[in-house]
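Every chain is numbered from 1, with letters handed out A, B, ... down the list of sequences.
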Amino acid sequence: MTPPVLEIDGLTTSFETRQGRVEVVSNVSFAIPQGESVAVVGESGSGKSVTALSIMGLLEGNGTVSKGSIRLRGRELVGLSNKEYRLIRGRNIGMIFQDPTTCLDPVYPIGHQISQALRIHKDLSKAQARARTVELLTMVGIPDPVSRLKSYQHELSGGQRQRVMIAIALACGPELLIADEPTTALDVTVQAQILGLLQKAQEETGAALLLITHDLAVVAEMAKRVVVMYAGQVVEEGLVDEVLNQPRHPYTAALLRSVLSPDMSRDEPLHIIEGTVPGAHDMPGGCRFNPRCEHAFDTCLTEAPGLHDCGSGHRSRCWLAQRGERLEVSV
Amino acid sequence: MTAPTTHERPAVPAADSSLLEVSDLVKHFPVRRGLLGRRVGEVRAVDGVSFSVGRGETLGLVGESGCGKSTIGRMVLGLIRPTGGTVRYAGKDVLGLRGGDLKEHRRRLQIVFQDPFSSLDPRMKVGRIIAEGLDIHKIGTKESRRDWVVDLLRQVGLAPRDAGRFPHQFSGGQRQRISIARALATNPDFLVCDEPVSALDVSIQAQIINLLRDLQRQRGLGYLFVSHDLNLVRYIADRICVMYLGEIVEVATAEELFTAPRHPYTKALLSSAPQLRADRSVRERIQLTGEVPSAAKPPSGCRFHPRCPQAVPESAKVRPRLTQISPSHAVAACPCFT
């Protein structure tokens with residue numbers, strides 16, 4: 001059996017700070033098989049972006065993967081040198097970030113930036129790289145691609161810049177695409193275009209997709225599996241249809257209830273989750289969600305639950321799930 | 001949303017009881033080039049917008065970036081001067097106000113900004129931030145101001161001791177509570193809410209929306225609620241104006257706009273938002289091509305026609321007029337659907 005494209009096992013990432021070492025991502029495990037899409041969803045401070053940066057080997061100087069393994073097609077990435085990582089990023093892993101203005105180089109035309117990616121990783125001649133660049137720009141829906149080769153990023157709209165970033169990410173035919181909040185900065189009609197493009201690109205190239213987002217509706221439209229993170233941990237994981245319809249963790253259930261849906265009446269207040277996400281320095285004992293959880297009981301305050309398999313790969317880090325109790329979900 | 005509420009919901013255009021009345025509002029920003037800053041053109045940020053908001057009513061203003069929704073909010077407050085048109089508040093022409101009258105207008109209208117990080121002075125303690133308006137408007141004595149600040153903090157869900165802390169000691173949601181307390185300090189009867197929750201996490205958004213909703217009920221506040229989030233506007237607003245490139249393309253009650261949208265842009269906007277539990281097999285997504293054109297060179301005729309899936313040749317020639325199709329529903333009548 002071929003190994004999954006991405007396999008993360010017990011990933012723990014910490015940062016050195018003035019107050020000492022803090023663990024921002026704790027013991028995160030999940031895998032993405034060939035051609036599949038997995039969404040990691042969570043609020044600010046959940047550790048979702050740090051998880052993505054750990055995979056890409058782009059942690060800032062004071063951050064390190066302190067435990068666990070990250071395997072790309074069976075190859076261990078933890079411990080690679082910067083030089084080795086640089087060969088993998090761009091060729092094996094394509095990356096799409098939230099803000100294309102800071103990711104594209106303002107002083108080079110976009111055609112140059114795409115063909116540069118090709119020439120570094122693919123040993124193509126100048127003419128071959130140019131032809132492939134035009135092909136890529138066509139694929140991501142940039143009108144009149146030949147004349148656009150010489151455009152600079154400031155001459156493009158936000159949606160077009162994001163298309164160029166997707167073209168660069170796809171350039172070398174990566175096995176894994178990582179998209180970190182790819183549409184958060186875009187308007188809603190453009191967001192629909194970019195999400196459609198990502199889906200199409202993934203289908204055509206057969207790449208695995210890791211989507212990092214805070215938006216459950218985007219998860220519902222884009223991914224097959226979802227990993228819900230809270231305070232640095234995976235709290236729930238499973239098929240999107242199951243997790244969003246039958247959540248087994250109170251945090252996921254509460255998050256789903258606080259999403260506005262069209263049939264809500266203003267005469268009823270919105271469902272809220274009291275309090276805020278704890279900081280890495282003041283993690284509560286026991287279950288990390290217990291101070292905000294409406295179901296918490298004494299065990300939750302003292303003992304940290306493990307991830308419990310509720311069947312068919314649907315896992316929940318909750319004592320209720322371990323007892324086999326179901327949560328009430330109002331849809 | 002059909003249940004009766006305590007306040008009346010004026011039709012479009014609102015009844016005589018309207019508090020805020022904006023008519024034919026225009027704002028053109030000059031585009032300057034070169035060393036001498038010669039005026040080479042203008043951005044038509046807002047181009048002939050009219051609406052009204054009644055006492056205790058919420059009017060939602062939705063649209064994509066650059067449609068002019070925030071500029072309208074600022075003109076209503078008198079923070080920027082319109083190029084043309086009028087803003088009337090409680091029967092008075094806001095643009096003609098001077099001195100004490102202008103000050104009184106500003107006391108009655110307040111704003112909550114989007115970014116709770118840049119809109120609070122980092123060097124001022126929270127108590128002073130909230131009391132600043134009271135000092136400026138010389139409301140109350142020193143003691144009564146202090147009590148009022150404590151009272152405001154409680155109303156927005158913060159503790160009295162928070163008055164002595166600095167903004168950086170608070171999370172995003174708490175800072176937005178401070179902004180709301182500051183806006184309420186001068187006892188206004190109208191708030192412009194400019195994307196008040198879009199910088200916040202989902203679970204925190206709900207806290208702030210509930211707070212705004214409760215405050216409206218307690219105080220009978222009117223809201224001009226500027227947002228790009230359709231589900232949010234549907235929940236909070238009585239009526240909704242959909243804007244595109246400086247113009248209103250459709251205005252209706254929240255209920256009517258969502259169940260019976262008429263303008264192709266409104267339809268596209270409604271279908272574009274990703275939905276959590278939509279039946280994806282039934283829902284038809286209208287995917288627009290291209291992006292919003294520059295407001296410096298707006299398209300002729302119906303400004304939406306270059307992206308409109310159902311545009312007809314006449315769409316490029318005739319500038320559609322906002323036309324009443326029912327007492328509570330008006331739409332820019334483009335030849336493509338009329």
* To do: Identify which of V277(A), I273(A), V219(A) forms the greatest number of heavy-atom pairs closer than 4.5 Å to chain B.
  =>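 Option with the top pair count is I273(A).
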* **Top contributor to chain B contacts, counting heavy-atom pairs under 4.5 Å, from G159(A), A254(A), P143(A)** =>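 Looking at each option in turn, the highest pair count goes to G159(A).
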I need the [X] [atom1] to [Y] [atom2] distance, nearest 0.5 Å.
{"X": "T276(A)", "Y": "L200(B)", "atom1": "OG1", "atom2": "CG", "answer": "12.0 Å"}
{"X": "N210(B)", "Y": "S258(A)", "atom1": "CG", "atom2": "OG", "answer": "10.5 Å"}
{"X": "L270(A)", "Y": "I236(B)", "atom1": "CG", "atom2": "CD1", "answer": "8.0 Å"}

* To do: Measure distances from E268(A) to the heavy atoms of chain B and classify the residue's part below 4.5 Å as side chain, backbone, both or neither.
  => backbone
Quick check on [X] against chain A: is it the side chain, the backbone, both or neither that has a heavy atom closer than 4.5 Å?
{"X": "T289(B)", "answer": "backbone"}
{"X": "S171(B)", "answer": "side chain"}
{"X": "Q207(B)", "answer": "both"}

* Asked: Any sub-3.5 Å donor-acceptor pair from E291(B)'s side-chain atoms to S157(A)'s backbone N or O?
  ->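 Judged by distance alone, no pair lies under 3.5 Å.
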* Start with the C-alpha gap between S272(B) and Q191(A), add the side-chain angles, then the distance that decides, and say whether side chain to side chain donor-acceptor pair (under 3.5 Å) holds. => CA-CA 8 Å; S272(B) 295; Q191(A) 163 169 287; over 6 Å; no
* Structure fact -> Taking every heavy atom of D201(B) against every heavy atom of S44(A), the minimum-distance pair comes out as OD2-OG, 2.5 Å
* **Which atom of A220(A) lies closest to which atom of Q275(B), heavy atoms considered** =>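 Looks like CB-O, 4.0 Å.
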* Asked: Quick one: are R292(A) and S203(B) in side-chain contact, heavy atoms under 4.5 Å?
  ->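 Heavy-atom side-chain distance check passes, below 4.5 Å.
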* Asked: Going by residue number, which parts of residues 177-190 of chain A are within reach of chain B, meaning a heavy-atom gap below 4.5 Å?
  ->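 Contacts with chain B: D187(A), V188(A), T189(A), V190(A).
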* Asked: Out of G290(B), S294(B), A268(B), G173(B), which one racks up the most heavy-atom pairs below 4.5 Å with chain A?
  -> G290(B)
* **salt bridge (charged side-chain N to carboxylate O under 4.0 Å, His left out) between D267(A) and R213(B), worked out** => CA-CA 9 Å; D267(A) 298 315; R213(B) 171 184 166 275; 5.9 Å; no
